[in-house]
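Data block below; observations after.
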Number of protein chains: 2
Amino acid sequence: MRRRNLGDLLRHVHLAGALSRSELADRMGLNRSTIMALTAELSAAGLVSEELPGDTGRAGRPSLVVRPERDRAHVLAFDVRVDRLVAARVGLGGEILDRREAVRSRAGADLEDVVGVLAGFGRELRRGARPGSVCVGVGAAYCGMIRPDDGTVRYGPYVGWVDQAFGVELGSRLGLPVLVGNEAHLGALAERDRGVGRGFDNLIYLHGDVGVGGGIIVGGKLLGGDGGYGCELGHMMVNPYDGRPCMCGSRGCLEAEVGEHALIDAAGRSGELSGREGVRAVVEAAGRGDAAAEEALHRIGDWLGIGVANLINLFNPGMVIFGGMLRDVYPGSAAQVGHRVEANAMVISREQVRLRVSALGDDVTLVGAAELAFSRLLASPLEVLAEMRRRTAHRAAPRKRALAL
Amino acid sequence: MRRRNLGDLLRHVHLAGALSRSELADRMGLNRSTIMALTAELSAAGLVSEELPGDTGRAGRPSLVVRPERDRAHVLAFDVRVDRLVAARVGLGGEILDRREAVRSRAGADLEDVVGVLAGFGRELRRGARPGSVCVGVGAAYCGMIRPDDGTVRYGPYVGWVDQAFGVELGSRLGLPVLVGNEAHLGALAERDRGVGRGFDNLIYLHGDVGVGGGIIVGGKLLGGDGGYGCELGHMMVNPYDGRPCMCGSRGCLEAEVGEHALIDAAGRSGELSGREGVRAVVEAAGRGDAAAEEALHRIGDWLGIGVANLINLFNPGMVIFGGMLRDVYPGSAAQVGHRVEANAMVISREQVRLRVSALGDDVTLVGAAELAFSRLLASPLEVLAEMRRRTAHRAAPRKRALAL
């Protein structure tokens with residue numbers, strides 16, 4: 001109980017940035033003396049600090065403000081995207097303190113290469129941390145289907161991986177346990193915790209890249225299903241007649257009809273720029289009034305709208321969020337999406353739902369990876385801090401480091 | 001905590017029928033003296049009884065067997081289907097002790113008529129209960145979208161109701177609070193608790209009637225969404241080109257392509273038997289080798305398979321269950337469903353899923369309504385028993401009864 005309260009308090013300040021003791025008491029439904037005792041423990045551990053607020057403009061003794069100690073506890077967050085590798089050191093409280101990025105070809109890359117680059121980034125990022133700052137977790141987002149238990153990539157078609165022990169390999173290179181999640185799952189959690197979905201217990205996040213991934217939050221929790229492989233909304237069949245071929249081997253999947261290739265082909269630009277640049281070129285051309293580009297966005301919006309209407313019928317969500325390349329695409333296809341939702345979603349479910357673009361932009365999956373990395377600390381702060389101190393102390397000893405590398 | 005333990009113990013014997021004290025201790029993770037104390041309280045309240053088991057064939061003192069007292073606590077369960085009204089008295093433990101049924105025309109029926117028939121059934125069923133048996137709850141299944149808070153039918157197209165205060169009206173006629181749920185939601189819970197889905201935390205139940213409803217269990221809980229209107233898998237668009245018109249105003253919805261009318265039309269029998277009889281006639285004809293009937297089942301199976309594959313991708317469920325008229329239809333269309341699942345569902349999710357027909361048959365929604373009715377008792381047994389004793393004692397006094405009616 002005490003452990004849970006410590007974790008809850010730390011989560012509140014981690015997500016809010018700074019909260020007074022009385023705000024914490026309100027949010028947690030605890031009395032102020034309990035809040036004071038919990039804060040004292042977290043403060044002694046170096047995870048939060050307390051300070052007097054600025055002038056509150058009110059009479060009486062002001063309530064002390066509790067802040068997360070971003071320079072004393074951090075995580076490493078990694079993001080394996082189709083076209084790049086990203087790594088960051090993120091402080092408690094969620095600020096990205098430092099980052100590294102490598103563009104890579106879209107062709108297949110082997111596990112060792114990817115892990116090698118990421119582990120190198122990880123070492124650099126940790127060396128840059130303030131003395132005494134503890135690495136309290138490592139999280140990674142990956143553009144494929146992930147086994148939650150051990151971070152194995154079961155299926156990552158766009159990178160070309162099947163059953164690759166990504167989490168274990170990266171963990172052994174770093175000498176630290178690594179949690180891995182599907183990028184769209186983590187994107188959904190990031191938007192719920194720090195983005196446009198704050199306060200929504202039922203939301204759907206669509207993440208566009210070459211394909212389209214999904215993260216679906218049901219009753220406050222990420223929908224996993226039996227094995228953690230749920231939310232594959234990109235492989236919802238929307239076009240059973242003349243559907244475009246999909247990487248999964250089928251045809252007419254949502255991602256085949258609304259992904260990068262579909263948009264660029266529909267705009268008649270398949271010989272030109274590809275990937276994210278290609279998508280942006282179409283969106284910009286549509287903004288300048290290019291008819292083919294506008295028409296392509298409308299076509300994508302029509303298929304996207306069928307998918308979104310189906311999802312609204314199934315999930316009765318408070319919000320649907322468009323992220324990744326769909327963040328660029330949605331404004332130009334919103335009318336068609338809206339039309340399909342109007343036509344195909346039950347009125348009772350569609351009357352409340354909001355359609356929005358991601359607030360976190362290109363960092364959404366990286367932020368999700370950081371939150372995954374913080375999750376163990378936020379479940380049992382003092383235990384995990386102690387464990388991670390031990391692990392990183394080991395790593396500081398030269399002999400051990402040599403062995404681990 | 002004690003209240004929760006009492007409820008959990010009662011739920012275990014309610015669902016299992018009879019369990020020894022030592023089985024209860026194992027399942028609940030409590031020691032035997034706690035089990036004994038909990039059982040004593042429930043036994044004193046008349047909700048369970050204890051007896052020596054038959055010859056166990058083992059040495060040593062046998063563990064007493066705890067049984068639900070089906071004749072001392074019962075619920076009323078109602079089921080408003082498109083073509084009939086059903087009511088039952090169901091004893092603690094789940095046995096249907098008595099029932100009433102009225103066939104009705106499919107045309108619009110007004111709230112007062114339906115509530116009048118059901119309330120009459122309810123009075124008869126309660127009069128038939130053993131003296132001293134307490135009615136501990138009332139539940140109703142309805143073939144439409146239901147607001148959980150007050151049992152209002154928001155949208156029931158096949159009965160023709162929009163925003164009808166069904167739960168409140170039936171409750172005031174019975175003088176007892178009534179919980180109302182969507183028939184397919186309740187069917188999902190019934191199959192999970194008492195049917196083929198026992199032990200599955202992630203399952204999808206498709207309920208075929210004129211339309212197709214759905215109940216989806218995610219992480220052990222019914223998927224509701226923001227307002228409780230989720231699971232509308234029947235309105236997933238599967239045929240965007242030449243889709244059949246749907247009652248919802250759209251075209252190409254799953255229920256339009258696989259419901260009763262679609263099957264009967266596809267078999268070229270639209271002038272003949274309609275409704276459930278019409279479906280059975282097609283299935284029987286296919287069984288006798290009628291080519292048009294076989295072809296109709298295959299056609300239905302193809303669309304159904306697209307829907308099921310989409311659901312497997314989204315939910316990574318352990319089981320998909322076909323109920324209502326789909327229970328009759330599925331065996332003749334299983335090959336096509338399987339083919340679509342093979343082609344369109346991600347291998348990782350489909351490799352574990354089982355496709356099954358409902359084990360509870362035509363009573364699945366009635367059983368679900370009964371379990372909904374028991375839900376309050378199972379949450380706090382002694383409090384709800386006392387409350388319902390007071391309410392029903394009131395009703396036994398002639399003056400009060402006159403007022404309530």
Side-chain angles (χ1 to χ4, degrees), chain A residues 145 147 154-155 200-203 214 216 218-219 221-242 246 248-254 302-303 305-307 309-319 340 342-349 351-353, chain B residues 145 147 154-155 200-203 214 216 218-219 221-242 246 248-254 302-303 305-307 309-319 340 342-349 351-353:
Chain A
M145 297 172 89
R147 181 161 60 211
R154 295 292 313 277
Y155 182 65
F200 283 80
D201 271 347
N202 296 285
L203 69 78
I216 302 175
V218 173
K221 287 188 179 158
L222 184 71
L223 186 165
D226 264 11
Y229 306 116
C231 303
E232 286 289 336
L233 53 83
H235 299 286
M236 184 194 308
M237 147 117 21
V238 290
N239 186 353
Y241 287 109
D242 57 353
C246 183
C248 75
S250 180
R251 286 179 164 270
C253 295
L254 183 68
D302 196 45
W303 292 118
I306 291 179
N310 287 348
L311 293 167
I312 291 172
N313 284 330
L314 283 170
F315 292 99
N316 183 201
M319 185 173 277
R340 279 292 186 179
E342 187 87 13
N344 299 342
M346 305 300 285
V347 62
I348 297 171
S349 289
E351 70 191 1
Q352 302 281 1
V353 71
Chain B
M145 297 173 87
R147 182 160 61 212
R154 296 293 312 279
Y155 181 64
F200 283 82
D201 271 348
N202 297 286
L203 70 79
I216 302 175
V218 173
K221 287 187 179 159
L222 184 72
L223 186 165
D226 264 10
Y229 306 117
C231 303
E232 287 289 336
L233 53 84
H235 299 286
M236 184 195 308
M237 148 118 18
V238 291
N239 186 352
Y241 287 109
D242 58 352
C246 183
C248 74
S250 180
R251 285 178 165 271
C253 295
L254 183 66
D302 195 46
W303 292 118
I306 291 178
N310 287 348
L311 293 167
I312 292 171
N313 284 331
L314 284 169
F315 292 99
N316 184 202
M319 185 173 279
R340 279 292 187 179
E342 187 86 12
N344 299 341
M346 307 299 284
V347 63
I348 297 171
S349 289
E351 68 191 1
Q352 302 281 1
V353 70

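Computed over heavy atoms, backbone and side chain alike; hydrogens, waters and symmetry mates excluded. Please read all numbers here as calculations on a predicted model, not as lab measurements. Chain letters run A, B, ... following the sequence lines, proteins first and then strands; every chain starts at 1.
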Checklist entry - Any idea which of A:Asp242, A:Asp201, A:Leu254 has the most non-hydrogen atom pairs under 4.5 angstrom with chain B? => result A:Asp242
Checklist outcome for this item: Per-residue tally against chain B (heavy atom, under 4.5 Å) across A:Cys246, A:Ala345, A:Gly318 peaks at A:Gly318
Checklist entry - Most heavy-atom pairs under 4.5 angstrom with chain A, which of B:Pro240, B:Cys253, B:Gly252? => result B:Pro240
Next on the checklist: As an exercise: rank A:Asn344, A:Val347, A:Ile348, A:Val218 by heavy-atom pairs under 4.5 Å with chain B and give me the winner.
Outcome noted: A:Ile348
Checklist entry - So which of B:Ser250, B:Gly219, B:Ala309, B:Ser349 has the largest heavy-atom pair count under 4.5 angstrom toward chain A? => result B:Ser250
Next on the checklist: For B:Leu311, which atoms come within 4.5 Å of any heavy atom of chain A: side chain, backbone, both, or neither?
Outcome noted: side chain
Next on the checklist: Is B:Val238 in contact with chain A via its backbone, its side chain, both, or neither, using a 4.5 Å heavy-atom distance?
Outcome noted: backbone
Checklist entry - Can you say whether B:Met145 sits under 4.5 Å from chain A via the side chain, the backbone, both, or neither, judging by heavy atoms? => result side chain
Checklist entry - Side chain, backbone, both or neither: which part of B:Glu351 has a heavy atom under 4.5 Å from chain A? => result side chain
Checklist entry - Between B:Ile306 and chain A, which part of the residue has a heavy atom less than 4.5 Å away: side chain, backbone, both or neither? => result side chain
Next on the checklist: Less than 4.5 Å to any heavy atom of chain A: does that hold for the side chain of B:Arg147, its backbone, both, or neither?
Outcome noted: neither
Item to check | A:Asn202 side chain to B:Asp226 side chain, donor-acceptor N/O pair below 3.5 angstrom | outcome: yes
Checklist entry - Taking A:Leu223, A:Leu233, A:Leu203, A:Ile312 one by one, which has the highest count of heavy-atom pairs under 4.5 Å against chain B? => result A:Leu223
Next on the checklist: So which atom in B:Leu314 and which in A:Met236 form the shortest heavy-atom distance, rounded to 0.1 Å?
Outcome noted: CD1-CE, 4.3 Å
Item to check | Atom group of A:Arg340 that falls short of 4.5 Å from chain B, counting heavy atoms | outcome: side chain
Checklist outcome for this item: Honestly, the part of B:Met346 sitting under 4.5 Å from a heavy atom of chain A is side chain
